Amino acid sequence: MKNIVILISGRGSNMEAIVRAQIPGAKIAAVISNRPDAAGLAFAASHGIAAQVVDHKAYPSREAFDAALAETIDAHQPDLVVLAGFMRVLTDGFVGRYNGRLLNIHPSLLPSFPGLHTHQRALEAGVRVAGTTVHFVTPTLDCGPIVIQAVVPVLDGDDEAALAARVLVQEHRIYPQAVRWFVEDRLSLTADGKVRVTDEPAGPAGW
Ligand code: GAR
C-alpha cells in the first residue's frame, strides 16, 4: 500500500478525482491545505481522510512555512505527495526533500503558459489548442519533467471560464492516471531527471 498526501489550496476538484478513482494499492493518507477555508477540506473529511490545515499566514517566512508543512506531511509517511491546486511557491529545500515523489498539475500545455492566469494568456496568444500537464516538481515553477499531457481545442467565442472548464475535464482524467502509474511502480524519475513510464505488465500468456 502506498501512502499519498494531497496538498490543496481551494476547491479541490483534482483531489476529489484522485480520491474517487479508488486506485488499488493507494491510501490517501491526508489532505492538507494552506488555507483554512479551502472547500476541498470538507470533501476529504467526509470521506474519512485526515483533513489538516497548515496556514501559511501563521509563519514568518517561506522557509518556516515549508518546514511546518513538511513536518505535517511526513507524519503520514508519504510515498507520494500530490499538489492539486496548491497555490504556494515551494522552497528548493522542500522540493529537494520530495524529489521523485512530488507531482503537480498545471492547466496548460507546459512549457507554454507557466504561472498564473494561464487560460487568459492562452486566449490572448490566440493558440488553437490548450490543455493540461502533470509533471514532477523541480525548483523552477511549472518546469519539471513532464509525465502526461492532454489537449483540448480552443473554440471560437471561448472565454477564460469556458476554456478552464474544458481543460478541467482532462485534468480529472490524467491526474488519477499519473497517480495510478506511480502506485503501480510504473512511473519514476531517473537519476538524470528524466521521466520513466513502463508498460502495463502483460497478462498471462494467451490473453
Ligand atoms: C486546477 O486547474 C489546477 O490545474 C490549477 O488550479 C486548479 C485547481 O483546481 N493549478 C495551478 O494553476 C497550479 N499552477 P482544483 O482545486 O479544483 O483541483
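In each ligand, atom 1 is the first atom listed, and ligand 1 is the first ligand listed. Keep in mind it's a predicted model, so treat the numbers as computed, not measured. All values below were derived from every heavy atom in this structure, side-chain atoms included, with hydrogens, water molecules and symmetry-related copies excluded.
Heavy-atom separations between Met87 and ligand 1 include at least one value shorter than 4.0 Å.
Among all protein heavy atoms, the one lying closest to atom 12 (O) of ligand 1 is Pro107 CD, 3.4 Å. With hydrogens left out, the protein atom closest to atom 14 (N) of ligand 1 is His106 ND1, 3.1 Å, a heavy atom. At the top of the distance list for atom 10 (N) of ligand 1, counting protein heavy atoms only, stands Ile105 O, 3.7 Å. Looking only at heavy atoms of the protein, atom 9 (O) of ligand 1 is closest to Arg11 NH2, 3.1 Å. Looking from atom 6 (O) of ligand 1 to the surrounding protein, the closest heavy atom is Gly85 CA, 3.9 Å. Of the protein's non-hydrogen atoms, Ser13 N, 3.4 Å is the one closest to atom 15 (P) of ligand 1.
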For the pair His76 and Gln52, evaluate side-chain hydrogen bond (donor to acceptor under 3.5 Å, both in side chains) and give the outcome as yes or no after the intermediate values.
CA-CA 12 Å; His76 299 284; Gln52 294 176 285; 2.7 Å; yes
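The pair Asp92-Arg97 does not meet the salt-bridge criterion, since no charged nitrogen lies less than 4.0 angstrom from a carboxylate oxygen.
Atom CG of Asp156 is surrounded by 12 or fewer heavy atoms from other residues, nucleotides or ligands within 6.0 Å. At most 12 heavy atoms of other shown residues, nucleotides or ligands fall within 6.0 angstrom of atom CZ in Arg35. Counted within 6.0 Å of NE2 on His47, heavy atoms from surrounding residues, nucleotides or ligands total more than 12; the atom is thus considered enclosed.
Between Phe86 and Phe65, the ring planes are parallel. Angles under 30° get that label, and only those over 60° would be called perpendicular.
Counting heavy atoms under 4.0 Å from ligand 1, residue Glu171 touches it through the side chain alone.
Evaluated for a side chain to side chain contact (heavy atoms under 4.5 Å, CB included) with Val81, the options Ile32, Asp74, Ile4, Leu102 yield exactly one hit, Leu102.
Inclusion of Gly12 in the set of residues having an N or O under 3.5 Å from an N or O of ligand 1 is warranted.
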